[in-house]
Amino acid sequence: MAVLNEEQTMLRDAAKSWVQEKSPVTAFRKMRDSGVELGYDANAWNEMAEMGWAGVIIPEEYGGSDFGYLSMGLILEETGRTLTASPLLASGLAAASALVLGGSDAQKSEWLPKIAGGEVVGALAIDEGAHHAPEKVALKAEKSGSGYKLSGSKSFVLEGMAAGLLIVSARTSGQPGDTDGITLFLVAGDAKGVSRKRLHLADSRGAANITFDGVEVGEDAVLGEVDKGHALLEKTLDRARAGLCAEMLGSAVQAFEITLDYLKVRVQFGQVIGSFQALQHRAAKMFTDLELARSAVEAALQAIDADTPDVPELVSLAKAKMGDVFHLVSNEMVQMHGGIGMTDAHDAGFYMKRARAAEAAFGNQGYHRDRYARIQGY
Amino acid sequence: MADFGGSDLDAFRTEARDWIEANFPKSLKGKGGMMMREERSEPTPDMDAWRKAMGEKGWGVPTWPTQYGGGGLTPAHGRIIQQELGRVGAYNPIGGMGVMMFGPTLLEYGTEAQKQQHIPPIVKGELQWCQGFSEPGAGSDLASLQTRAEDKGDHYIVNGQKIWTSGAQWAQWCFCLVRTDTTKKHEGISFVLFPMDVPGVEVRPIPLIAGNSPFCETFLTDVRVEKDQVVGPVNGGWTVAKRLLQHERSGLSGAGGGGGGRSLVKLAKDYVGVDEAGRLSDTDLRTRVIMNEIDGRAFQLTAMRAMAESKANSGPSAATSIMKNAGTRWMQDRAELTIELMGHQGLGWEGDDFTPEELGAVRSWLGGKATTIYGGSQEVQNNIISKRILGLPDPK
Ligand SMILES: Cc1cc2nc3c(=O)[nH]c(=O)nc-3n(C[C@H](O)[C@H](O)[C@H](O)COP(=O)(O)OP(=O)(O)OC[C@H]3O[C@@H](n4cnc5c(N)ncnc54)[C@H](O)[C@@H]3O)c2cc1C
Ligand SMILES: Cc1cc2nc3c(=O)[nH]c(=O)nc-3n(C[C@H](O)[C@H](O)[C@H](O)COP(=O)(O)OP(=O)(O)OC[C@H]3O[C@@H](n4cnc5c(N)ncnc54)[C@H](O)[C@@H]3O)c2cc1C
C-alpha cells in the first residue's frame, strides 16, 4: 500500500466505513433486483457527492478538493470492494479529467462545479464498436452555421443513462482509424437529437448506446482543439483506466478475502478445505498477484498526480496486470466455493460478471499488452 | 448379441439411414440443442413422436440388452447410429441421468425385478431421474452424507436434506444415497430409489449465476422407501455410487468434446478481423485462440486413442482418467475466449442489442463454470489421478 498523507488516510477511512455501512454487496443486489434504469442507487450517489467524492480531482476554484488521483483511487478501491455502482468513475474521474485537462475557463466554470456537487453526471461517449478503439471514430461533426452538427452513434457509454453531460469524440476530418481529425465535444444530455437506450449487461451497471441525430452544438462546445482531440482523449482515458484499475483492485481484494475466509471454514474430509495444499498454493499465488497488481495500480495513479511522462505505459501495465488478476481471482472464487459459488444467492457470480465487464472497459488485457509494447517501441 | 462383421456394419448403416429417414420428423432438424437445454419447454407433437419412435426401436440406448427394450447392439453399431443421426441433423431424444448414469449402474447392480421395473421407461424416455447425492455438508466428501434411513421392518423412513439436485423439479424418480449405519462412514451408506411424488419430498429450485434454475434443494421428511428399492447390498451403496460417478464422469468428458455452434476461429475472424494474409489481426488474441484450438485437437485425439485402447485391452485406458479435467478446462477456456473476442457484445445479459449467439455465449460461459465443480470437482479428479494412477501417497 502506498504511503498516504493525512488527508488521504482520512478519505480512505471515511470511504471504508461508509461503504461497509451504507453500501454492502446487499445494496448492489437490491439495485440489480430493482431493475432501476440508471444502473445505480441515486440516494447512495447523493450521499457520496455530499461527502465531496465527486470533486476529489477537481480544483478548489471549481468546487472540488484537488486531492488528486491517488486519493480518488483510494475511494474507488473501497467502493469496488462491495461492487458499489455509482457514476463516481465516469463522472467524478473521467468526465472531470477531460474538463480539467482540456476545458476553457468558461467550460470549466459551467460544468465542473456541477460535477463536483454531483448535480450533473458526466460520461465519456467514445467507442463505437464492440472493442475499445478510441481512434476508430466515425461519428461525424460537420460545420453548421457558427457551430457543428453531430451525427452517428456511440456504444457502451458507461453511465450513459444518467449522463447530463456527454463528452463525445467526433470526426472533423480524416477517416476512422486516423488519430488526426478527432475533436471532442461537450454535449448536454438533453440536447435535441440525442437518444439513448439502456444496455442490459451481465454486471447490471448503467451502460447505454447513444445515437446523435444531427445534434446542433455551438463553437464553444469544442473541448480543446479542433482535429487535435486525440491527445486529450488519450490523457483522459488513461485517467479513467487508472481509476477503473483502482476499483478493480478493491473488487479483486474483496473477492480474494471472501474466498480465503471460506477456505478457513468449509469442512470436507474432516478438515477445513484450506488445509489442502492444492488450494493453499493457489491462494498464495492469488495473494502474490494481488500484491503485484496493487503496485502497478498505485504507481499509475501516482504518476498521474506527478504528471510524469510515463503515465501511458504505467497505465497500460496496470490495466493489463489488474485485468489478469481480477480474472483469475473471480474464477477461483467460484471454483473454490464449489456448488454454492454457482448460485445467484452467493456473491461470487457478481464478482465474476463485474470482472469481465471491467476487463473489457477502456481496453482489455490484450489491448493494453499491445499498447505497452508499442509505447516501449517493440 | 450377434457377431457382426465389417460388411454387416455397412448393411447396418444402410438400415439405420433408411429407418432414420422414415421416422425423423424433418421439422426437428438441427433442434438437438433444444433438448440439451436445462429449462425444459413443453414437447411438440413431432418431438413426442420422435421420442416414441426411438424409444420403441431401442436405439436411444443401442448397447443396452433387448430384454429391457434396449438396442442389443455393439458399440460399433451405436456409433453408426450416432453418425447417421448427425448426418441428417437429427438428435437422440433419449437422454438424461437415467440414460447417462443410473441405467448402466442398475444394469450392473440391480435385481432382475428392479431392472424389469426401471429400465424400460428409461429406454423409452418416459420418465426423468434425478440424483440425490450431495448434501450441504457432503460435497467432495460425499461419503460424509447424513441423510438417515431408519429400518421399519418392511420399509425405510428417510429424513434429511439433499442439495444441488439437478432437475429435481422435473424428475419423477430419484436415486439417492442414505445412511443406514451411523457407526461407519463408507460402509454405512445405501443406494435407494423412490418416486418424487411420495409424501415428504419437497423441492425448491435454486437460481444459478447464469439466470436459470436447473437444480434444487431437496428436503426429505419421513419419506417411505420400499425395501425392494435398495440397489446393491444394504450398507454396500458406496460401491454402487462410485460406479455411478464413473459413468457420470465419462458422460461429462464426452460433453466436453462437443462445443457446438460456430468455431472459435470463425467467430474471432468475424469480431476482430484479419490482416491481408488472413491472420487474425489481434495477435495477442490469435496466440490464445491457437492454444485453445491445439488443446481441443489434442483432447479429441486423446478421446479417440482412449477408445481404441479400451477396445484393444477390453478395459478402460489410463488416458480416460484425464478426460474430465482436460475437456472441461478446454471448454471453459473456449467460453472465456468467446466472450472476450465479442468485446462489449460478449457482456450482454438480455435485450435486442445483442444477437442470440452473443447472449447464449454469456450464459454458457457462466453455466460452464459448473463443469469443474460437479461430477467430481477438478481438484477431486486431480486427487484421483495423483493417487490411483500415479501412486502418490497421502500427506502424513
Ligand atoms: C450445476 C451443478 C449441478 C449439480 N448436480 C448435482 C446432482 O444432480 N446431484 C447431486 O447429488 N449433486 C449435484 N451437484 C453437486 C456437486 O456434485 C458438488 O457441488 C460437488 O461434489 C462439490 O461439492 P461442494 O459443492 O460441496 O463443494 P466442496 O466439496 O465444499 O468444495 C469446495 C472446494 O474445495 C475443493 N476441495 C474439496 N476437497 C478437496 C480436496 N480433498 N483437495 C483439494 N480440494 C478440495 C473443491 O474442489 C472445491 O473447489 C451439482 C453441482 C452443480 C454446480
Ligand atoms: C461428484 C463426485 C464424483 C466422483 N467421481 C469419481 C470417479 O469417477 N471415480 C472414482 O474412483 N471416484 C470418484 N469420486 C470419489 C472420490 O474419489 C472420493 O470421494 C475422494 O477421492 C475421496 O475419497 P473418500 O471419500 O474415500 O475419502 P476418505 O477416504 O473418507 O477421506 C480421505 C480423503 O481425504 C482426502 N484428503 C485428505 N487429506 C488430503 C490432502 N492433504 N490433500 C488432498 N486430499 C486429502 C483424500 O481425498 C482422501 O481420499 C467422486 C466423488 C464425487 C464427490
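Values in this document were obtained by computation on a predicted structure and should not be read as measured data. Note on naming: letters A, B, ... go to the chains in the order of the sequence lines (proteins, then strands), and numbering restarts at 1 for each one.
- In summary, A:Arg356 and B:Glu336 engage in a salt bridge, as defined by a charged side-chain N under 4.0 Å from a carboxylate O.
- In this structure, the separation between CG on B:Asp141 and CD1 on A:Ile273 is 11.5 Å, given to the nearest 0.5 Å.
- The side chain to side chain contact (heavy atoms under 4.5 Å, CB included) test with A:Lys353 singles out one residue from B:Leu366, B:Val362, B:Leu347, and that residue is B:Leu366.
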request  = Starting from the C-alpha separation in whole Å, work towards a yes-or-no answer on side chain to side chain contact (heavy atoms under 4.5 Å, CB included) for A:His131 and B:Met342.
outcome  = CA-CA 8 Å; A:His131 296 270; B:Met342 287 175 171; over 6 Å; no

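- Between A:Phe269 atom CZ and B:Asn383 atom CG the span is 7.0 Å, to the nearest 0.5 Å.
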request  = Step by step, work out the salt bridge (Lys or Arg N to Asp or Glu O under 4.0 Å) result for B:Asp352 and A:Lys197.
outcome  = CA-CA 11 Å; B:Asp352 56 11; A:Lys197 186 162 178 235; 2.5 Å; yes

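- The two residues B:Ile209 and A:Thr343 have their closest heavy-atom pair at CG2-O, 3.6 Å.
- Contact check for B:Ile206 versus A:Asp344: no side-chain heavy atoms found under the 4.5 Å cut-off.
- In terms of heavy-atom pairs under 4.5 Å with chain B, the best-connected choice from A:Ser155, A:Gly339, A:Ala357 is A:Gly339.
- Counting heavy-atom neighbours within 6.0 Å of A:Asp261 CG, excluding the residue itself, gives a total above 12.
- Looking at A:Ile340, both its backbone and its side chain come within 4.5 Å of chain B, counting heavy atoms on both sides.
- The line from NZ of B:Lys369 to CE of A:Met352 is 5.5 Å long, rounded to the nearest 0.5 Å.
- Between A:Gln268 and B:Ser144, the side chains place no donor N or O within less than 3.5 Å of an acceptor N or O (distance only, hydrogens not considered).
- Atom CG of A:Leu199 and atom CD of B:Glu350 lie 11.5 Å apart (nearest 0.5 Å).
- Separation of atoms CG (A:Asp127) and NE2 (B:His344) is listed at 5.5 Å; rounding is to 0.5 Å.
- Using a 4.5 Å cut-off between heavy atoms, A:Arg205 makes no contact with chain B at all.
- Annotation for B:Phe354 and A:His200: closest pair CE1-O, 3.8 Å, computed over non-hydrogen atoms.
- Contact annotation for A:Arg198: only backbone heavy atoms (N, CA, C, O) come within less than 4.5 Å of a heavy atom of chain B.
- B:Arg363 does not touch chain A: none of its heavy atoms, backbone or side chain, sits under 4.5 Å away.
- Here the closest heavy-atom approach between residue A:Met342 and residue B:Leu208 is recorded as O-CD2, 2.9 Å.
- In summary, A:Arg369 and B:Asp282 do not engage in a salt bridge, as defined by a charged side-chain N under 4.0 Å from a carboxylate O.
- Among A:His327, A:Gln365, A:His132, the residue with the largest count of heavy-atom pairs under 4.5 Å with chain B is A:His327.
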